[in-house]
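Note that these values count all heavy atoms, side chains included, but never hydrogens, waters or copies made by symmetry. Here is how names work: the chains are called A, B, and so on, in the same order as the sequence lines, proteins then strands, and each is numbered from 1.
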2 protein chains.
Amino acid sequence: MNPETETSYPRSERRDASENRQRILKAAQKLFDKNGVEQVSMNQIASEAQVGSATLYRRYSNKSELCQDLIKDNVVTIFMDIDNYLEQNHTVPPSQRLRGLLSLFINFREKKIPLLAGIEESSPSNSFRSRLSSTPFNELRQYLVRLFDEINEAEQAHFNSVFRADILIIALSSDSYLFQREVRGYSPENILELICGMFISH
Amino acid sequence: MNPETETSYPRSERRDASENRQRILKAAQKLFDKNGVEQVSMNQIASEAQVGSATLYRRYSNKSELCQDLIKDNVVTIFMDIDNYLEQNHTVPPSQRLRGLLSLFINFREKKIPLLAGIEESSPSNSFRSRLSSTPFNELRQYLVRLFDEINEAEQAHFNSVFRADILIIALSSDSYLFQREVRGYSPENILELICGMFISH
DNA sequence: AGTATAAACGGGGACGTCTCCACTTGTCAA
DNA sequence: TTGACAAGTGGAGACGTCCCCGTTTATACT
């Protein structure tokens with residue numbers, strides 16, 4: 001989103017701009033909590049934050065980007081957890097590590113359903129391509145590809161790791177995940193099992 | 001969409017209403033061809049069809065429904081082709097029939113990229129759930145489930161057929177399919193191979 | 001043919017996204 | 001401190017979705 005980290009260089013972001021950004025995030029969080037991400041419009045956020053709509057749009061060109069900024073810290077944390085897990089289990093077979101990773105990610109995904117749905121939510125501008133490339137999923141992809149490669153090696157197989165990762169990721173996207181949760185009635189644990197059943201050879 | 005078939009009972013749709021519906025479909029087709037589905041707004045369609053926007057919305061509450069009506073006949077045709085294929089090959093192993101079915105469907109999918117993208121396109125109202133339940137994909141699902149069941153039986157396996165069908169369908173959704181086509185650079189044939197590699201045991 | 005009535009119409013308005021641009025304000029060099 | 005100027009602002013407006021509701025019109029029954 002914004003190229004700088006939380007407390008950015010004074011050279012690159014003016015003080016008032018930074019204050020506005022904080023107010024925007026705070027207002028968005030508040031409105032999201034109260035009304036649900038879906039129900040909140042960019043207009044409402046701007047007016048709650050007491051900035052003009054142009055100011056809001058200059059920072060976040062749609063709700064998706066705003067959600068990504070709101071979830072940023074949690075994403076950092078979950079991937080630190082994943083790194084930890086992978087490090088501490090680097091001796092177990094890759095398929096088991098994949099399972100552990102998915103369990104961690106699904107747990108995170110479950111806790112962050114509203115914001116993740118907001119990220120993938122569609123706005124007129126937001127081309128659908130962006131949904132598969134949002135930060136959390138994009139980062140996950142690299143981990144998956146690496147593990148699938150390892151699995152291929154361990155099992156003398158030659159599946160296309162990138163493709164498998166792509167499919168696994170859309171299976172975890174809001175569209176699919178919430179469909180399984182709400183329409184099919186599966187629990188997060190069910191979904192983990194089903195995915196493992198598909199992506200980890202029996 | 002509309003509960004009646006093409007030439008519906010005069011009792012249930014007034015003559016003027018029917019004429020308007022035809023004009024809407026014609027106008028939409030024309031604008032879609034000229035400017036691309038994505039670029040055309042409901043307003044433009046209404047004005048090209050010379051009906052008020054309320055009239056348009058009363059028939060098609062969003063572009064997705066309109067696209068579904070425009071593609072309806074092609075959907076009927078492709079599933080007739082699929083039925084034919086399955087009938088004529090009912091003796092070959094189910095995994096091979098699955099492959100044939102996917103080949104037919106991907107071929108259709110490829111020819112109808114714009115309208116299928118339009119169906120899955122998001123409008124403020126159109127809850128994301130509807131994307132996985134649009135007619136063409138919904139119909140495909142039943143075929144997939146049946147074939148997966150057969151494959152399970154033939155191979156003494158116990159995969160969850162419905163889940164596998166769900167995942168296969170989102171892999172064929174515009175989001176995923178166009179990502180593979182445009183970002184990954186795969187051809188329809190490549191995609192068929194990749195999918196078969198994932199869903200048909202080696 | 002004439003009329004009652006329900007079906008269909010469409011303009012206008014509420015609200016949404018998003019951008020242009022004239023104006024304000026923070027920052028840095030002098 | 002001050003002034004130049006880049007950085008930032010916000011309101012207005014173009015355009016979009018969607019629906020309310022007063023008006024028109026096709027249809028069925030007499």
Here the distance between atom P of D:dG16 and atom CD of B:E121, to the nearest Å, is 13 Å
- Query: Does a salt bridge link B:E110 with B:R181, judged by any charged N lying under 4.0 Å from a carboxylate O?
  - Reply: yes
Here the distance between atom P of C:dG16 and atom CD of A:Q39, to the nearest Å, is 10 Å
With sequence neighbours left out, the residues meeting ring pair (Phe, Tyr, Trp, His ring centres under 6.0 Å) with A:F108 are A:F105
One would report the end-axis bend of the helix from C:dA1-D:dT30 to C:dA30-D:dT1, five pairs per end and rounded to 10 degrees, as 0°
Atom CD of A:E38 and atom P of C:dC15 are separated, to the nearest Å, by 19 Å
Separation of D:dC19 atom P from B:M42 atom CE, nearest Å, is 10 Å
Suppose we call a contact any N or O donor and acceptor under 3.5 Å apart; does that hold for the side chain of A:R14 and the base of D:dA7?
yes
So the salt bridge (charged side-chain N to carboxylate O under 4.0 Å, His left out) pairs with at least one residue in residues 191-202 of chain A (sequence neighbours excluded) are A:R99-A:E193
Taken in chain and number order and not counting sequence neighbours, the residues that satisfy ring pair (Phe, Tyr, Trp, His ring centres under 6.0 Å) with A:Y143 are A:F79
In whole angstroms, the gap separating P of D:dG10 from CG of A:N20 amounts to 6 Å
TODO: Ignoring backbone atoms, establish whether A:R15 has a side-chain N or O less than 4.0 Å from OP1 or OP2 of D:dA7.
DONE: no
Across all chains, not counting sequence neighbours, the ring pair (Phe, Tyr, Trp, His ring centres under 6.0 Å) partners of B:Y57 are none
Atom CZ of A:R59 and atom C1' of D:dG10 are separated, to the nearest Å, by 12 Å
A:N35 CG to C:dC15 C1', in whole Å, measures 15 Å
In numerical order, the residues of residues 48-58 of chain B whose heavy atoms come under 4.0 Å of DNA chain D are B:S53, B:A54, B:Y57
> Within the structure, does a side-chain N or O atom of B:Q44 lie under 4.0 Å from either OP1 or OP2 of D:dG16?
Replying inline: yes
Find out whether B:E65 and B:R59 are in side-chain contact, i.e. whether some heavy atom of one side chain is under 4.5 Å from a heavy atom of the other. no
Residue set satisfying salt bridge (charged side-chain N to carboxylate O under 4.0 Å, His left out) with A:R184, at least two apart, ordered chain then number -> B:D166
Of A:D16 and B:R23, the one whose nearest nucleotide on DNA chain C sits closer to the 5' end is B:R23
Residues passing the salt bridge (charged side-chain N to carboxylate O under 4.0 Å, His left out) test with B:E189, sequence neighbours excluded, are none
Sorted by chain and number, sequence neighbours left out, ring pair (Phe, Tyr, Trp, His ring centres under 6.0 Å) with A:F163 holds for none
A:N43 atom CG is separated from C:dT19 atom P, nearest whole Å, by 14 Å
So what does A:E19 hit on the nucleic acid, given a heavy-atom distance under 4.0 Å: a base, only sugar-phosphate, or nothing?
nothing
